Every structure is written in C-alpha cells, then in structure tokens.
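Read the structure below first, then the notes.
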Number of protein chains: 2
Amino acid sequence: MRYSKQRKEILEIVKSTNSHPTADWIYERVRMQVPNISLGTVYRNLRQLVDNDLIHARTVNGMVHYDGSLGDHQHFYCTNCNTLYDLDLSLEDFVSEITENLGYVIHGCDLQLNGVCNSCQQDQ
Amino acid sequence: MRYSKQRKEILEIVKSTNSHPTADWIYERVRMQVPNISLGTVYRNLRQLVDNDLIHARTVNGMVHYDGSLGDHQHFYCTNCNTLYDLDLSLEDFVSEITENLGYVIHGCDLQLNGVCNSCQQDQ
DNA sequence: GTATATGCAAACAATTTGCACGCCT
DNA sequence: AGGCGTGCAAATTGTTTGCATATAC
C-alpha cells in the first residue's frame with residue numbers, strides 16, 4: 001500500500017480525534033488540507049485503511065463511524081445527544097469464557113451500551 | 001396501530017424465524033402470501049413494528065436485520081458464513097455494574113461477538 | 001365515516017465503481 | 001517504467017416519501 005498525500009492526511013485525521021467521525025465529516029476535514037480531494041477517494045481510503053487494520057469501523061444508527069484507537073475498548077452511545085463515547089473496558093476475560101463454553105473461535109467483539117450520558121442527565 | 005393483512009403477515013414472518021432476516025428477505029416471503037405487496041409497505045411496517053417494540057432491529061455489515069425474539073440475549077456473527085446466531089447470554093449484571101461505576105443511565109446494550117462458528121471450523 | 005394503510009414510482013442518501021489521467025517508489 | 005492512487009461522474013443499493021386509492025375499525 002502506497003502513501004499518497006490524501007491517504008496520509010485521512011489516516012492522520014482519524015487517528016487524531018476520538019469523536020468517531022463519519023466519512024462525510026472526514027471529507028470536510030481533508031478538504032482543508034487537500035481542497036480538491038474527491039469523496040470517492042475518501043471512501044476508498046477509509047476502506048483500505050480498515051482492511052489493513054490501521055483504523056476500525058463501526059456502524060451506529062445505520063451510518064459508519066471510524067475509530068483510530070485500536071486498543072481493546074468498547075463504546076457507550078448516548079441516545080439523547082447521539083455522542084459515541086469510548087469505554088475503557090476490556091472484554092478479554094469475558095469473551096474467552098464464552099469461547100470455551102460454545103466452541104466458537106472469536107476474532108473480535110463489539111459491545112455497545114445505549115443510554116443517557118452524565119451531561120445529558122444534568123440537562124434534564 | 002391497525003392490523004392489516006400485510007402487517008400481520010410481516011409480524012408473523014419475523015416472529016417465526018430465528019434467522020434475523022433483512023427487509024428484502026421478508027419482502028420475498030410476504031409475497032408468497034400477499035403477492036402484490038410493495039417493498040415500501042414492508043419497510044414502513046418493519047419500522048412501525050420496531051417503534052412499537054414488537055420486534056427488534058440490528059445493523060450487521062451495514063444492513064438492518066430484524067429479530068422477533070424480544071428476550072435478553074446477544075449475538076454471535078460468523079465472519080465465514082455470515083450467519084448471525086443467537087447467544088443465550090444475559091448481560092444484566094454486567095451492565096448494571098458498569099452503570100454504577102460510570103453514572104450512565106443504560107437503556108440497552110448490544111454485544112456482538114465475531115468469529116468462526118463450529119460448522120465452519122469443521123469445514124476448514 | 002374517517003383515520004390509517006396500501007401500491008406505485010420517484011426521491012434520497014450513503015457508498016461503490018469505471019475510466020482516463022497522475023503520481024509514488 | 002509500471003502499478004497503484006486520484007478526480008470525476010455515473011451507477012448501485014438500501015431505504016424513505018408523496019400521492020391517490022383502498023381498508024380497518
């Protein structure tokens with residue numbers, strides 16, 4: 001995989017935020033650095049970066065969000081303000097227990113808790 | 001909410017399978033009973049049934065799958081055969097523990113384990 | 001009788017793809 | 001030099017919506 005200006009910039013953007021951006025948000029961002037980049041290029045690069053495991057992708061509310069942190073963590077989604085928070089929570093033990101019981105080979109897991117976050121609770 | 005022939009049929013189909021069907025699969029099924037039903041009607045009904053909490057919806061690989069079992073359970077997705085299995089696994093205790101620690105109000109949770117299922121392991 | 005649901009087709013939004021050209025290595 | 005990456009626009013796909021008609025209650 002080659003590293004074009006576009007690809008480097010996209011990777012940099014995803015890595016440098018913890019806001020779990022969508023392709024469109026990333027597109028707007030890259031355009032500040034690479035004004036005439038096309039949306040197709042953004043999609044192609046995001047896909048390639050995911051395939052090469054340099055970033056992760058997850059679907060929330062039917063839209064794909066990208067995540068630059070590759071460590072073992074899970075997510076909390078506030079149904080009020082639609083923010084996706086990182087949960088510093090490892091499921092390694094939990095998952096290996098399930099593996100033993102069922103005989104599945106587990107490659108990854110994906111826990112998302114939905115609810116109302118602290119700041120939204122205060123607003124109500 | 002009224003119960004038209006179409007709506008009854010769609011609910012029946014989703015309730016009577018554990019294969020987590022997509023809208024399109026359901027559309028093909030309903031057409032056997034209601035030949036000139038439209039795809040739009042299928043989508044409208046699925047949405048309404050989800051809104052009224054008669055069925056559940058979850059996104060896997062960017063496509064919405066519907067689930068007629070409302071009990072507390074989670075899912076295992078085989079990345080080899082793309083089957084979504086039910087996991088008879090309650091996360092109630094686990095989740096309430098996290099709630100206490102972080103102060104979030106949790107409305108629901110969604111765990112998906114990805115890997116290779118037993119029959120796919122045997123095939124390889 | 002009236003509100004709600006339907007079929008149909010057009011509109012949408014997110015994403016993918018074909019193609020000719022351009023740039024990394 | 002050769003292959004991978006790009007920009008652009010058109011195509012796909014999954015889903016939603018507007019409208020006139022039909023149906024449940």
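Numbers restart at 1 for each chain; the letters A, B, ... are given by sequence-line order, proteins then strands. Every value quoted in this text rests on a predicted model; they were computed, and no experiment measured them.
Listed pair Q48(B) / dA5(C) meets the phosphate criterion, a side-chain N or O lying under 4.0 Å from OP1 or OP2. Residue N45(B) has a polar side-chain atom (N or O) positioned under 4.0 Å from OP1 or OP2 of dT6(C). Side-chain nitrogen and oxygen atoms of Q6(A) include none within less than 4.0 Å of the OP1 or OP2 phosphate oxygen of dC23(C). When the side-chain nitrogen and oxygen atoms of R31(B) are compared with OP1 and OP2 of dG7(C), none of them lie within a distance under 4.0 Å. Between dT15(C) and Y43(A), a contact under 4.0 Å exists linking OP1 or OP2 to a side-chain N or O.
Each of T41(A) and V64(B) was matched to the nucleotide of DNA chain D holding its nearest heavy atom; the match closer to the 5' end belongs to T41(A).
Note: H75(B) and H20(B) have perpendicular aromatic rings, judged against thresholds of 30 and 60 degrees for the angle between ring planes.
The base of dC4(D) sits within donor-acceptor range of the side chain of R2(A), with an N or O pair under 3.5 Å. Scanning atom types as modelled, no donor and acceptor separated by under 3.5 angstrom connect the side chain of R7(B) and the base of dA5(C).
The side chain of L39(A) has dT15(C) as its nearest neighbour among dT17(D), dT15(C), dG7(D). With dG18(D), dT25(C), dC8(D) as the choices, the nucleotide that has an atom nearest any side-chain atom of R44(B) turns out to be dG18(D). The side chain of S4(A) lies closest to dT6(D) when the candidates are dT6(D), dA5(C), dG7(D). When distances run from any side-chain atom of I37(B) to the nucleotides dG7(C), dT15(C), dA24(D), the shortest one goes to dG7(C). Between dT16(D), dA5(C), dG3(D), one nucleotide has an atom nearer to the side chain of M1(B) than all others, and that is dA5(C). Listed candidates were dG7(D), dA3(C), dG14(D). Nearest to the side chain of M63(B) is dG14(D).
Checking T17(B), I10(B), V14(B), L49(B) one by one against Y66(B), the side-chain contact (heavy atoms from CB on, under 4.5 Å) holds for a single residue, V14(B).
Atom CZ of R47(A) is separated from atom P of dG5(D) by 13 Å (rounded to the nearest Å). As a whole-Å value, the separation of I10(B) CD1 from dT6(C) P is 7 Å.
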| query | What's the verdict on side chain to side chain contact (heavy atoms under 4.5 Å, CB included) for R44(A) and T41(A), showing C-alpha distance, side-chain angles and the deciding distance? | reply | CA-CA 5 Å; R44(A) 262 184 301 226; T41(A) 296; 3.7 Å; yes
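Between E12(B) and K15(B), no side-chain nitrogen of the basic residue sits less than 4.0 Å from a carboxylate oxygen of the acidic one, so the salt-bridge criterion is not met.
In terms of modelled atom types and a separation under 3.5 Å, the side chain of Q121(A) and the main chain of G103(B) share a donor-acceptor contact.
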